[in-house]
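Report on the structure given below.
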Amino acid sequence: MRKGAKIALLSVAIVSVIAVGATGAYAWYANGEELRLGNMNIALQSDPELSIGYKQANGEIKYFDGQLPKEAFGDFNGNFKPVSTMYSSTWLGKDDKPIFKDSYRRGVHTDESSYLMTEDAEEGFISLELYLKSTADVYVGIDSTSTSIVGNDELNLVKAQSKSLRDMYRDLTEDEIRANLNKIEKSMRFSILDGDKHYIIDPHKDGVTEFAAPLDLDANTFYDVYEDHGEVREFLFGEYQNADKIVWKDNATTNYETYTTFDARHMAGVKSVDMEASIANGLEVAVEDSMSLEEAGNNLKLIPLRNNTPKRIVFSIYIEGWDRDSTSLSAYGAFKAAMKLKVTRENFDL
């Protein structure tokens, strides 16, 4: 980068998102858990080194040095719902857009799509096809100091005071409801698809998000079960290999402080999944391949650009349903988000 050059910043700002239509079921798999997008803009700070564009109906890419027009966002209807990047190996490197998997509805033992790989999600997330172009060979990275997803505390305070939520969660105080609404920030993700590379950024990353677990989908406070040859067993939902290595436990005990789909009770007399013993026995559970915000900011070679050569990327924002903070109450929450991409250094590798 030439001496004294400005840092070009691509700004992605989501001003407010409001939850609507939630049913009150207990996790990301429930129908009707939606977040409504209130206001969003993508803009580029004035700098000749980097520009951003989108493809118009006639196939021409129109570039902007400032804010992208509203039509760049296409026909997104404004509703978010939890989805997942599980089973990404089935499409990564083969498709030109990220494929998010839909939520589970009800486990049926004779239908693997009901408890293993679900159908592709058609809605409930944002994926924007964008184009970056630079006047030099450079790398573009994430400005971690200006990138965030946070609960919209002002809106969530108002929502916590609403009669509908107070009636639904009578065992929680107003402050507890408000805190849970703000937790929507924990399960939100950004992602950038650049060719065969899919970068997932978890701004609140805290440990590993596993893509498999027993679940309670019908909200009866017990993990879902099935009967097979006269024996009742718990379902193991998600993405995993070596199912024959699952270890079953008799009369498993229940230990949870706050009930969610992920933390339910074991039915008496059923064969329960012992996750720890199963993994030790050879069960392979898929995990989310995500970066923390700090890790993303430290990657100075995230997106390589050639001089005056358009680079296609797909920017997405979504709720990762396998995040253990993705619960029904948080799904009513509102959030604010912003992402900035910046020129990080000259590209001498091309």
Side-chain angles (χ1 to χ4, degrees), residues 12 14 16-37 79-86 88 98 100-104 118 121 123-127 147-153 155-156 159-160 165 169 176-191 198-213 215-217 219 237-239 258-264 286-293 295-296 315-339:
V12 180
I14 298 177
S16 63
V17 179
I18 305 172
V20 297
T23 63
Y26 285 83
W28 72 283
Y29 311 94
N31 289 315
E33 292 187 0
E34 298 173 338
L35 297 175
R36 179 167 296 280
L37 178 68
N79 291 329
F80 282 80
K81 68 176 184 179
V83 294
S84 181
T85 55
M86 62 179 178
S88 61
F100 298 99
K101 290 301 178 182
D102 211 343
S103 55
Y104 294 106
T118 57
E123 58 184 6
F125 56 90
I126 291 177
S127 282
T147 298
S148 65
I149 299 179
V150 296
N152 190 328
D153 190 58
L155 285 179
N156 288 334
K159 295 169 73 66
L165 283 184
Y169 298 95
E176 289 172 332
I177 293 176
R178 178 183 180 182
N180 276 277
L181 294 175
N182 282 329
K183 279 187 177 181
I184 184 60
E185 65 187 29
K186 302 285 190 179
S187 55
M188 302 297 301
R189 304 287 194 269
F190 294 119
S191 80
H198 190 218
Y199 302 107
I200 299 172
I201 299 97
D202 178 359
H204 298 274
K205 187 176 176 67
D206 181 19
V208 175
T209 296
E210 296 183 339
F211 285 157
L215 300 170
D216 173 20
L217 302 184
F237 294 88
E239 181 183 1
T258 303
Y259 166 74
T260 70
T261 288
F262 302 108
D263 296 302
V287 298
E288 181 185 41
D289 183 16
S290 62
M291 297 183 287
S292 68
L293 195 52
E295 291 170 330
F315 168 80
S316 301
I317 181 169
Y318 61 98
I319 305 171
E320 174 51 66
W322 276 108
D323 190 300
R324 285 0 183 217
D325 286 302
S326 179
T327 62
S328 61
L329 181 49
S330 71
Y332 285 95
F335 69 90
K336 297 182 291 185
M339 170 177 276

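Side chains are part of it too, since the values below use all heavy atoms of this structure and drop only hydrogens, waters and symmetry mates.
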* Listed by chain and number, what are the side chain to side chain contact (heavy atoms under 4.5 Å, CB included) partners of Ser290, not counting sequence neighbours? -> Ile200, Asp202, Lys205, Glu288
* Specify the closest pair of heavy atoms between Gly321 and Pro82, including all atoms of both residues, with the distance to one decimal. => CA-CB, 4.0 Å
* Asked: Donor-acceptor pair, Ser84 side chain versus Met86 backbone, under 3.5 Å?
  -> yes
* Asked: Can you check whether Ala160's main-chain N or O pairs, donor with acceptor, with Tyr332's side chain at less than 3.5 Å?
  -> no
* Candidate pair Thr147 and Phe190, rule side-chain contact (heavy atoms from CB on, under 4.5 Å), full reasoning -> CA-CA 10 Å; Thr147 298; Phe190 294 119; 3.7 Å; yes
* **Thr261 side chain vs Asp216 backbone, donor-acceptor pair below 3.5 Å** => yes
* Look at the side chain of Arg189 and the backbone N and O of Ser316, then say whether any donor-acceptor pair between them is shorter than 3.5 Å. => no
* To do: Kindly say whether His198 contributes a backbone atom to a donor-acceptor pair with the side chain of Ser191 at under 3.5 angstrom?
  => no
* To do: Please state whether the rings of Tyr104 and Trp322 are parallel, tilted or perpendicular, taking 30° and 60° as the class boundaries.
  => perpendicular
* Least distance between heavy atoms, Phe262 atom then Leu215 atom -> CD2-CD2, 3.5 Å
* Structure fact -> The side chain to side chain contact (heavy atoms under 4.5 Å, CB included) partners of Asn156 (sequence neighbours excluded) come to Lys159, Leu181, Asn182, Ala334
* If only atom types and distance count, is the side chain of His204 paired as donor or acceptor with the main-chain N or O of Ile149 below 3.5 Å? -> yes
